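Okay, so here's the structure we're looking at.
Sequence lines set the chain letters: A, B, ... in the order given, protein chains first and strands last, and positions in each chain run from 1. None of the values given here were measured: they were computed from a predicted structure.
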Amino acid sequence: MRKAIIYKEWIKVRLFTPLAVSVLAGFTAYALLRIGRMYAFNGAGSVWLAVLDRNAVLIDNLKYLPALLGLLLGLVQFVPEMQQNRLKLTLHLPFLQSRMLLWMLGCGLALLAVLFIAQAAAIWICLRWLLAPELVARILMTALPWYAAGVLLYLFTAWIAVEPTWRRRLFDALVAAGVMRLLFMSDYPRTYDTLLPWIALLAACALFFPIYSADRFRRGCQD
Amino acid sequence: MSDPVIECRNLSHHYGERLIYENLSFEVPRGRVLGLLGKNGTGKTTTINILGGYLEPSAGQCLIFGEEIRSMRPETRTRIALLIEGHVQYAFMTIEEIERFYARFYPRWNRDAYYGLMEKLKVAPRQRISRMSCGQRSQVALGLILAQNADLLVLDDFSMGLDPGYRRLFVEYLRDYARSEEKTIFLTSHIIQDMEKLVDDCIVMDYGHILVQMPVGELLETFRRYTFTPGGAQIPEIPEFYSTAVVGAQAELYSFESPATVQGVLERAGVPCGDLQAETLNLEDAFIGLTGKY
């Protein structure tokens, strides 16, 4: 049955996945080429100076990409479930309903994890040629909340999509917008380091938000 | 009577202030095909949603196979096939994909039953369900239900959007399947002619309550339309008479009472009815007689 759940989720995301890979690869390549060009034209010193003195993150044009992918993946996976109330079919399947939702979310999170880890690995490998490992680690640690935003926005999108009432959806969307605002408030490197455990805790809690929405759907909540 | 497959006791439901029904109780015995009939807004889909576990009734309880629906074990859910209004399915899948998906959930899955019906569709196995006509989608939904080999089929407005050919195909398949395999079916439809060919028992709902629950054969045998010329006399309004109306010189009423009883009641009320005519009805006319035209 788990294989069947994964199979269905794969069918939903099979067009999205190559698109997401292309967009992610394209933007990442562009960001890395830009750094490479800076290096070639201005010399290593200027790049190091930008990172150390001016607190440049160098890959800041990738900032919103994980959130965008999280949003799109959430829509791709959960909007088809809510069209014509197809979630009824899913919840009728002989599988524990909360576990079913967790498996569906798990599929999405696994795909996001692969995409984000691949991007972070590409950045690490390429920047290691140009910068000291401490500086590359600093850049990636600065990017960590962006990835967290991707995961959170994915879970929030599922939460909002599965929610059966528009009034509540609006409330959920406001909460999601508030959290996103918080995560993108500062551009200063490693500002969020101390908040990362709390962000992780929030993501763990947000995993259960769509289950709550599905329960409201089952109870027949309406506007 | 054998064990009931569905037992609903004292169901009440409101949408906000609006009462849908109160203290609705009914049972569906094993091996019977029961049709739920009612005008729009009488609570048919509400009842199906309660039976599907997608709506918590304001009060009352519904059991299927002796289990409370909302806390039903997944193993019990394998015994229930559900058709959602509009033949909704995973339209982003193809015929093959959807079969492969469902097959893993149901231990008694009958692949041949599904593909047997799909052969009639003349669509490519890799065609997406979303690109099929409404009739073709209905056959996919039906094929999945037949393949599931469930003990109970719950079908919400199964004839919605289907042309006469597909409706007939759906009804005939379902009827043969239910009879040969002793399945229990609970269904609703707006097309009452289809119900007549399919259902053993019917529940006719009015706003807020059940008007009748009985075998269709008994309903058609005992419920009659009476016409007569009342000559301007006032026809008595009694619970035994349904949908009484006078059009021109002709009066019409419906009743479960025998012609002799109806004649007696009318004569005692001083209504001339020497030309009283009684006629038996088909299910659609009986439904109109019970619920009224408007």
Side-chain angles (χ1 to χ4, degrees), chain A residues 1-17 73 75-104 107-108 161-167 211-223, chain B residues 13-16 18 20 45-46 48-58 69-94 96-109 128-130 137 141 144-145 148 150 154 156:
Chain A
M1 288 187 203
R2 287 171 199 150
K3 277 186 188 167
I5 299 169
I6 295 167
Y7 179 60
K8 175 161 76 87
E9 297 313 303
W10 166 246
I11 290 170
K12 282 191 276 185
V13 303
R14 66 186 163 186
L15 290 177
F16 166 82
T17 305
L73 181 59
L75 292 174
V76 164
Q77 263 189 285
F78 290 96
V79 168
E81 293 286 341
M82 297 312 289
Q83 282 173 330
Q84 297 181 293
N85 287 329
R86 279 193 200 110
L87 191 63
K88 284 183 180 180
L89 296 170
T90 303
L91 297 181
H92 182 69
L93 291 168
F95 200 80
L96 277 181
Q97 293 170 349
S98 52
R99 210 174 284 176
M100 168 78 73
L101 257 291
L102 284 175
W103 271 94
M104 290 164 73
C107 291
V162 175
E163 165 58 40
T165 67
W166 281 102
R167 205 178 307 169
I211 294 172
Y212 174 67
S213 286
D215 187 58
R216 284 174 48 76
F217 179 88
R218 275 193 65 225
R219 289 206 310 267
C221 294
Q222 292 183 346
D223 280 313
Chain B
H13 197 68
H14 300 77
Y15 287 116
R18 193 164 80 91
I20 303 299
T45 295
T46 298
I48 294 271
N49 281 337
I50 291 171
L51 287 176
Y54 305 116
L55 189 60
E56 201 167 13
S58 309
I69 292 159
R70 296 181 54 76
S71 54
M72 187 177 274
R73 292 172 304 134
E75 303 83 70
T76 310
R77 279 209 297 273
T78 61
R79 300 176 64 194
I80 306 169
L82 183 69
L83 180 79
I84 299 175
E85 188 174 333
H87 309 102
V88 173
Q89 268 304 337
Y90 296 114
F92 47 84
M93 293 189 188
T94 64
E96 285 180 341
E97 287 167 350
I98 204 164
E99 191 274 332
R100 216 173 294 151
F101 170 70
Y102 276 113
R104 291 190 180 264
F105 286 97
Y106 297 101
R108 294 189 287 177
W109 188 258
R128 270 208 211 163
I129 295 168
S130 59
R137 283 202 303 271
L144 293 168
I145 281 175
Q148 187 181 328
V154 178
D156 188 12

Requested in this report: Search all heavy atoms of Pro94(A) against all heavy atoms of Pro74(B) and return the closest pair with its distance.
Outcome: CB-O, 3.1 Å

Query raised in the report: Just how far is it from atom CG of Leu89(A) to atom CG of Leu83(B), taken to the nearest 0.5 Å?
Result: 9.0 Å

Query raised in the report: Measuring from Tyr102(B):OH to Lys8(A):NZ, what's the distance to the nearest 0.5 Å?
Result: 8.5 Å

Query raised in the report: So which of Pro57(B), Gly52(B), Gly86(B), Ala91(B) has the biggest tally of heavy-atom pairs under 4.5 Å with chain A?
Result: Ala91(B)

Report summary line: Taken in chain and number order and not counting sequence neighbours, the residues that satisfy salt bridge (charged side-chain N to carboxylate O under 4.0 Å, His left out) with Lys88(A) are none

Report task. Answer with side chain, backbone, both or neither: which region of Ala103(B) has an atom nearer than 4.5 Å to a non-hydrogen atom of chain A? Result -> neither

Query raised in the report: Can you tell me how far the CE atom of Met72(B) sits from the CD atom of Gln97(A), to the nearest 0.5 Å?
Result: 10.5 Å

Report task. Go through Gln89(B), Arg73(B), Met93(B) and name the one with the most non-hydrogen pairs under 4.5 angstrom from chain A. Result -> Gln89(B)

Query raised in the report: If you count the non-hydrogen atoms of other residues, nucleotides and ligands that lie under 6.0 Å from CZ in Arg99(A), is the total more than 12?
Result: no

Report task. Working to the nearest 0.5 Å, report the span between OG1 of Thr78(B) and NE2 of His92(A). Result -> 9.0 Å

Report task. Among Lys12(A), Gln83(A), Glu81(A), single out the residue with the greatest number of heavy-atom pairs under 4.5 Å to chain B. Result -> Lys12(A)

Query - Between NZ on residue Lys3(A) and CZ on residue Phe101(B), distance to nearest 0.5 Å - result: 15.0 Å

Query raised in the report: What part of Leu15(A) is in contact with chain B, defined as an atom under 4.5 angstrom from a non-hydrogen atom: side chain, backbone, both or neither?
Result: side chain

Query raised in the report: Contact part of Ile50(B) toward chain A, heavy-atom cut-off under 4.5 Å: side chain, backbone, both or neither?
Result: neither

**Report entry** Separation of Arg77(B) CZ from Phe95(A) CZ (nearest 0.5 Å)
**Finding:** 10.5 Å

Query raised in the report: Side chain, backbone, both or neither: which part of Arg14(A) has a non-hydrogen atom closer than 4.5 Å to chain B?
Result: side chain

Query raised in the report: Which answer fits Leu82(B), side chain, backbone, both or neither, if we ask what part of it has an atom under 4.5 Å from a heavy atom of chain A?
Result: both

Query raised in the report: Can you say whether Tyr15(B) sits under 4.5 Å from chain A via the side chain, the backbone, both, or neither, judging by heavy atoms?
Result: side chain

